[in-house]
K.L.:
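Quick one: structure below, then a few questions.
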Number of protein chains: 4
Amino acid sequence: MTPQPNPERRSERARRAVLDAVFEVARAKGYGKTTIEAIAATAGVGKPTVYRWWPSKGAIALDAVNDRIGDSMDFPDTGDIVADLTAQLTAVAAMLTGDIGALYRGIIAEAQSDPDLAAALRATFLEPRIRRCVGRLDTAVAAGQLRADLPTRTMVDILYAPVYYRILLGAGPEETLRSPLLVETVLEGLRPS
Amino acid sequence: MTPQPNPERRSERARRAVLDAVFEVARAKGYGKTTIEAIAATAGVGKPTVYRWWPSKGAIALDAVNDRIGDSMDFPDTGDIVADLTAQLTAVAAMLTGDIGALYRGIIAEAQSDPDLAAALRATFLEPRIRRCVGRLDTAVAAGQLRADLPTRTMVDILYAPVYYRILLGAGPEETLRSPLLVETVLEGLRPS
Amino acid sequence: MTPQPNPERRSERARRAVLDAVFEVARAKGYGKTTIEAIAATAGVGKPTVYRWWPSKGAIALDAVNDRIGDSMDFPDTGDIVADLTAQLTAVAAMLTGDIGALYRGIIAEAQSDPDLAAALRATFLEPRIRRCVGRLDTAVAAGQLRADLPTRTMVDILYAPVYYRILLGAGPEETLRSPLLVETVLEGLRPS
Amino acid sequence: MTPQPNPERRSERARRAVLDAVFEVARAKGYGKTTIEAIAATAGVGKPTVYRWWPSKGAIALDAVNDRIGDSMDFPDTGDIVADLTAQLTAVAAMLTGDIGALYRGIIAEAQSDPDLAAALRATFLEPRIRRCVGRLDTAVAAGQLRADLPTRTMVDILYAPVYYRILLGAGPEETLRSPLLVETVLEGLRPS
DNA sequence: AAGTAACCGAGACGGTACGTCTCGTCTTGCG
DNA sequence: CGCAAGACGAGACGTACCGTCTCGGTTACTT
């Protein structure tokens with residue numbers, strides 16, 4: 001979609017170095033004060049190399065987050081939807097308060113005024129995870145564990161929303177991790193009647 | 001806390017001009033590309049005047065938003081908690097998708113890497129409104145309209161979270177305004193058992 | 001002519017620092033490898049300050065040369081045109097082989113593909129000096145020391161040309177300073193018949 | 001001297017394409033804005049091929065000028081030294097104001113801060129031509145047409161200098177082509193007494 | 001005729017400097 | 001003494017070229 005140079009000749013070494021560097025710089029100075037200049041310097045890479053492959057700092061960070069998370073946040077399926085959701089949301093909340101979360105919150109912030117980044121965030125990060133969650137919830141609905149008269153997509157929103165809300169609006173980690181309580185409460189509204 | 005010059009001699013004209021200018025510039029170029037330089041120029045005000053009274057762009061925007069909203073988003077109390085919450089959340093969602101919302105989302109974004117701004121956002125904007133909401137919910141709990149075994153503070157989080165979540169993670173306006181459905185669903189979980 | 005900011009508010013400190021820095025950097029690394037970046041850094045001045053007042057490296061160098069030479073190369077008038085010209089041309093040749101000359105040759109080089117700089121070089125440096133030389137030659141013509149059937153302007157060209165020729169085409173200093181012999185020879189052709 | 005690859009295997013096609021390209025690019029954008037990148041692209045040649053055979057842009061241009069001029073500027077010998085010099089200098093002045101001249105002036109400019117290029121310019125271009133001129137002048141001296149008490153090498157300097165001087169210091173073409181007058185005047189000083 | 005060496009095109013790379021933009025501070029009159 | 005105006009030091013921005021370095025591919029010699 002974006003007109004890039006020949007990706008076959010791309011240097012894997014440089015790609016790795018940049019993705020690692022964005023974490024390192026963000027840890028040292030905070031995401032807001034992270035500059036592409038510093039990322040390039042830390043990675044031992046020329047600035048044009050960075051700009052050749054990524055359109056913005058946020059795009060680098062998104063790549064780095066995706067790369068680091070990989071499939072490690074896959075959705076569990078033990079048959080118990082409450083336990084699965086609690087486990088998953090706790091993992092997400094933990095992620096959001098760690099190193100990766102610092103980057104991730106920066107990405108969301110930057111996406112507020114960068115539509116391309118917002119689209120990439122949805123397409124490469126949110127949608128796949130939402131879809132997997134939707135799949136798990138569909139199973140639960142089929143098993144009669146959740147009400148059937150509400151789109152599972154909407155359920156996902158209701159479940160994840162509090163976690164993001166608390167992180168982005170500044171709740172401390174301890175509060176965030178009360179999420180088990182949240183899950184149970186929200187699930188009250190999702191029980192089959 | 002911040003060492004400012006004598007506020008009694010402050011020019012009200014300059015204050016008004018700056019608060020109006022931040023809206024005008026943000027509307028014209030987007031919050032992300034709004035610079036203090038442009039705000040000062042549009043306001044017909046010297047840059048030092050801006051820096052004398054506000055520590056950052058976000059602080060100006062927060063002042064402007066607070067100034068413009070005033071008490072207009074006060075919480076209704078018709079006795080019907082469902083109607084009141086629906087009305088209030090719809091109003092919030094509408095605000096977040098308009099001119100003010102653009103600024104507001106910018107403030108939240110900037111607060112991700114500016115702790116001072118995050119604190120100011122909580123202290124001058126969120127907390128007062130949350131407290132008013134908590135008050136209304138306490139009344140509803142007392143009236144037996146809501147379950148009593150959950151802190152009303154947590155209820156507020158669960159109710160508002162989906163609105164913010166959808167706005168900040170890029171749902172379109174149409175989706176956002178499905179919030180009445182959300183409210184009802186969430187309230188299912190808050191009903192007294 | 002060039003639209004600059006208000007020159008009254010210009011910082012004399014910054015101006016001096018830049019003019020000195022161009023000499024220092026050129027001495028250290030050669031004019032060709034002198035960058036505006038290095039000039040600004042050496043001067044302890046921001047790059048925009050440099051670009052605010054000068055359009056190019058050559059323009060800075062030209063200012064610096066003019067500033068340093070000042071009136072020190074004024075034309076002598078002892079009544080003896082041969083002695084005066086010899087003195088003057090020797091001084092020019094000496095200048096061209098020293099620190100100032102290194103810069104000056106760089107300016108001439110840069111002017112080859114920068115018409116604005118070429119114009120500035122003629123207007124602020126060459127023309128005033130040529131005019132003073134013409135004045136001296138006119139006196140000599142009036143005194144019958146030089147032929148009257150040749151424009152004194154052309155005489156100036158013929159007299160100065162060999163000095164520049166040797167410097168720019170790479171003659172060493174020793175050769176250049178044979179200029180007394182050159183002057184005498186050229187003057188043979190300028191004697192009244 | 002410079003360690004090059006086996007010249008026997010050199011691609012004549014690439015050589016020609018580069019020498020032609022430097023003219024084309026310089027005509028289109030001016031010598032100063034001519035880049036090796038553009039030369040290679042215009043020539044349809046890889047950058048390493050250029051760098052393999054030439055150390056700098058100036059070296060390419062010098063090769064191109066030498067290649068294009070060839071022997072076409074050979075010195076005439078009609079027996080009349082005044083006519084021969086006038087013809088020759090007029091031809092040089094004409095060359096210097098044309099396409100080749102634009103390149104040539106660029107080479108001289110670049111040579112001011114590139115000693116290798118300066119040396120190559122003298123060795124491959126200037127010296128052979130000066131030597132041929134010296135030969136012609138020696139003949140004239142022997143024929144009693146020129147004074148014998150001045151090294152003919154110096155005479156060459158005095159004769160060519162005004163042409164270069166006017167071109168390099170920015171005199172317009174019309175002035176430059178007054179060179180016949182110059183020649184006569186200068187020759188006054190070279191006549192046998 | 002096959003093998004092989006080296007030049008070729010293409011173009012990504014680590015860099016440097018460019019000229020611009022915006023920051024937040026400092027300086028200078030004006031009211 | 002706060003104000004407008006705006007120059008300043010600082011430094012990141014995104015771009016253009018630099019000169020180097022792989023890559024395959026294509027000659028053109030060697031065996």
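Quick note on labels: first sequence line is chain A, next is B, and so on, each numbered from 1. Owing to the predicted nature of the structure, the values given are computational and were not obtained by experimental measurement.
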K.L.:
Would you mind telling me which of E/dC18, E/dA12, E/dC26 lies closest to the side-chain atoms of A/Arg52?
P.N.:
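In terms of side-chain proximity for A/Arg52, the closest of E/dC18, E/dA12, E/dC26 is E/dA12.
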K.L.:
With a 3.5 Å cut-off and heavy atoms only, can you find an N or O donor on one side and an acceptor on the other between the side chain of B/Lys47 and the base of E/dG24?
P.N.:
yes
K.L.:
What's the CG-P distance between C/Asn6 and F/dA4, to the nearest Å?
P.N.:
19 Å
K.L.:
Within a strict 4.5 Å, meaning less than it, do heavy atoms of the A/Trp54 and A/Ile36 side chains meet?
P.N.:
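They are not in contact (no side-chain heavy atoms under 4.5 Å apart), so the answer is no.
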K.L.:
Is C/Glu24 salt-bridged to C/Arg27, cutoff N-O under 4.0 Å?
P.N.:
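Salt bridge flag = no for C/Arg27 with C/Glu24.
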K.L.:
A/Ile36 has an atom CD1; how far is it from atom C1' of E/dG14, in whole Å?
P.N.:
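Taking CD1 of A/Ile36 and C1' of E/dG14, I get 17 Å after rounding.
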K.L.:
Between atom CZ in C/Arg10 and atom C1' in E/dT27, what is the gap in whole Å?
P.N.:
17 Å
K.L.:
Taking the side chain of D/Tyr51 as its heavy atoms from C-beta onward, which of E/dG9, E/dC23, F/dC18 lies nearest to it?
P.N.:
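Given the options E/dG9, E/dC23, F/dC18, the side chain of D/Tyr51 is closest to F/dC18.
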K.L.:
Taking for each residue the nucleotide of DNA chain F with the nearest heavy atom, is it B/Glu37 or D/Lys33 whose nucleotide lies nearer the 5' end?
P.N.:
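With B/Glu37 and D/Lys33 compared, the 5'-side residue is B/Glu37.
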K.L.:
Ignoring hydrogens and angles, are the base of F/dA5 and the side chain of C/Arg9 linked by a donor-acceptor pair under 3.5 Å?
P.N.:
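By the distance-only test, yes, there is a pair.
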K.L.:
For B/Glu12 and F/dC3, give me the distance from atom CD to atom P, rounded to whole Å.
P.N.:
11 Å
K.L.:
Please tell me which of D/Ser11 and B/Ala38 maps to the more 5' nucleotide of DNA chain E, matching each residue to the nucleotide holding its nearest heavy atom.
P.N.:
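Looking at DNA chain E, the more 5' nearest nucleotide goes with D/Ser11.
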K.L.:
Between C/Ser56 and A/Ala40, just flag the one whose closest nucleotide in DNA chain E comes earlier from the 5' side.
P.N.:
A/Ala40
K.L.:
Do NZ/NE/NH1/NH2 and the carboxylate oxygens of D/Arg16 and D/Asp67 come within less than 4.0 Å?
P.N.:
yes
K.L.:
Could you tell me whether the side chain of A/Leu121 reaches within less than 4.5 Å of the side chain of A/Tyr104, counting heavy atoms only?
P.N.:
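The answer is yes; the side chains approach within 4.5 Å.
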K.L.:
Assign each of A/Lys57 and C/Val45 to its nearest nucleotide of DNA chain F by heavy atoms, then name whichever residue's nucleotide is nearer the 5' end.
P.N.:
C/Val45
K.L.:
Students often get this wrong, so: under 4.0 angstrom with heavy atoms, is A/Trp53 touching a base, only sugar-phosphate, or nothing?
P.N.:
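It contacts sugar-phosphate atoms only.
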K.L.:
Is it the case that D/Arg105 places NZ or CZ above or below the six-membered ring of D/Tyr31, under 6.0 angstrom from the centre and within 45 degrees of the axis?
P.N.:
no
K.L.:
Please list residues of residues 13-20 of chain A whose heavy atoms come under 4.0 Å from any atom in DNA chain E, ordered by number; otherwise none.
P.N.:
A/Arg13, A/Ala14
K.L.:
Output the rounded distance in Å from CD1 (A/Ile60) to P (F/dA12).
P.N.:
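My rounded result for the distance is 15 Å.
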K.L.:
Salt-bridge test for C/Asp63 and C/Arg68: reply yes if a basic N is under 4.0 Å from a carboxylate O, no otherwise.
P.N.:
no
K.L.:
Can you check the C/Trp54 CH2 to F/dC8 C1' distance for me, whole Å?
P.N.:
13 Å
K.L.:
Compute both the distance and the angle, then confirm whether C/Arg9 meets the cation-pi test with C/Trp53: under 6.0 Å from the six-membered ring centre, within 45 degrees of the axis.
P.N.:
no
K.L.:
Which nucleotide, E/dC13, F/dA4, E/dC18, lies nearest any side-chain atom of B/Thr49?
P.N.:
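Nucleotide nearest to B/Thr49's side chain: F/dA4.
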